Structures are given as structure tokens and as C-alpha cells.
Amino acid sequence: CVQESQKDEL
Amino acid sequence: MNIFRLAGDMTHLASVLVLLLKIHTIKSCAGVSLKTQELYVIVFATRYLDIFTSFVSIYNSLMKLIFLGSSFSIVWYMRYHKAVHRTYDREQDTFRHWFLMLPCILLALLIHEKFTFFEVMWTFSLYLEAVAILPQLVLLQRTRNIDNLTGQYIFLLGGYRGFYILNWIYRYFTEPHYVHWITWISGLVQTLLYADFFYYYFLSWKNNKKLQLPA
């Protein structure tokens, strides 16, 4: 999912 | 998780540990900008608002807690610990928080992926992190005598940013739909701010001399 993939970074 | 991301997180963690080591064991915060540290508290507090609502991994949650906890404790030490506070270069560390925060708030309200509270706050934290190092770099320019730990702290912090860029390049080529312009551009701006410092850091390392920035 485009929106979520960056939220797994710190 | 790829090796670049892990290396980035580990250098970030190492930078915080170096700073805590300096403050906790040497009881000195000479050359460390309280303004930058307070901006980092705001960066982590606004970025990790989702810490209790979205779960990615134990690793992620643990690192979030470490970055929140360490940034709060560094600010606490610099403000309220008597011996540490005495070593703070208050007269030199004059950068105004609002000068950096206001443009970031406006930019986050204008440029974001979704207009929701969490998303705007998250975007604001990205923009603010990009420029949060500026008071620290200005303080270095002014004091000019940089001790080893402060130099290593900024070097590791810059290294963390460098590894994150490699991580984004790697993910772009290995994951479908991995395109995040806001993260990338603010991350790139942040890394470029370190370029000047890196140049003088390597110069002093190559010549085996104490790090000194030009006036």
C-alpha cells in the first residue's frame, strides 16, 4: 500500500 | 528491512548514545545546541503520534520509544541538571525556534499527501527534521573549538541521513509503488546541510588534526 510503506520507517 | 535502513537506524542510535555519553558521564554539553535538541523533541513527538495506534514491528515501536525518551532526557539534562547546564553555551546558541518551525508548519499545511491531522503533523515532522540541525551547525561555526564527541555526534547524525537515502534508492528499485517525494526531498535537503560539515570533518581526519571550522 502506497500510503503505509513510508510509515514503516523511523 | 534492508541493510541500508538498518545501518541508518544504527548510526542514528549511535549518535544519540555518543551525545548521552558526553552529557551523562562527562557532565558536559559544551558545543551542543539546546535549540536543535528541543527541535528534535518536537520532531519525534509529532512524527510518532501514531505510536499507540499503528503497529509495524516490535523493532519500530522500541526505536520510537528510544528516540522519544533519549531526546527528552537530553533536553532535560541540558535545562535542569546543574552541572550539565553550567557547560551550556547559552550566549552563542541564539537561533530562534519559530524561525524554523513557522515555515515548516505552513509548508506542511500546503504540501502533504493527505489533509488529515496525523498526516499534516507527520509531514511537519519531516520538514522540521530537515532543518533542525541548523542551530547546531551555527553554534559550531561560532564556538569553533569542537571536541571529539560533538564532532562524532554530528558525523553519525549525518551518516544516518546518508544511509536513509541509500535505503530509499534500494526500496525504489525493489518495491513496487515505493514513491515518496515529500520524504525524499526533505531527506535530501537535510543531508545536503551536512555536506559542508562533512567536508571539514574528513579534512581534519585525513590530516590527523583537530576538527576546526573556518570563521
Side-chain angles (χ1 to χ4, degrees), chain A, chain B residues 1-2 4-6 8-13 16 43-44 47-51 53-57 59-68 71 112-114 116 118-119 121-123 125-126 129 160-161 163-165 167-168 170-172 174-184 186-187:
Chain A
C1 164
V2 179
Q3 194 58 42
E4 282 310 304
S5 67
Q6 58 187 339
K7 299 290 194 295
D8 63 20
E9 288 174 358
L10 291 165
Chain B
M1 167 126 64
N2 60 65
F4 303 114
R5 156 82 196 278
L6 185 66
D9 286 348
M10 289 305 115
T11 36
H12 192 186
L13 190 64
V16 172
V43 165
F44 293 132
R47 183 169 313 164
Y48 301 154
L49 281 173
D50 64 347
I51 189 163
T53 54
S54 82
F55 179 79
V56 176
S57 64
Y59 171 85
N60 258 43
S61 301
L62 198 68
M63 292 295 267
K64 286 179 180 178
L65 285 175
I66 290 173
F67 290 136
L68 277 169
S71 58
H112 45 253
E113 284 193 14
K114 253 194 311 188
T116 63
F118 281 90
E119 195 62 30
M121 292 298 266
W122 187 83
T123 313
S125 83
L126 285 181
E129 190 189 356
Y160 142 63
R161 296 316 309 178
F163 279 123
Y164 254 73
I165 288 183
N167 157 59
W168 295 330
Y170 179 86
R171 290 187 75 172
Y172 175 77
T174 53
E175 288 174 36
H177 315 298
Y178 186 77
V179 180
H180 300 295
W181 286 109
I182 293 175
T183 315
W184 293 347
S186 46

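Within every chain, numbering begins at 1; the chains are lettered A, B, ... in the order of the sequence lines, protein sequences first and strands thereafter. Computed from a predicted structure; not experimentally measured.
- Put simply, of B:F67, B:Y59, B:W168, B:F44, the one with the most heavy-atom pairs under 4.5 Å next to chain A is B:W168.
- A search for side chain to side chain contact (heavy atoms under 4.5 Å, CB included) contacts involving B:H112 returns B:F115, B:V120, B:T123, not counting sequence neighbours.
- At a 4.5 Å heavy-atom cutoff, the contact between B:Y48 and chain A is made by side-chain atoms alone.
- For B:N2, the side chain to side chain contact (heavy atoms under 4.5 Å, CB included) partners at least two apart in sequence or on another chain are B:F4, B:R5, B:N167, B:Y170, B:R171.
- Taking each heavy atom of A:K7 and B:N60 in turn, the nearest pair found is O-ND2, 4.2 Å.
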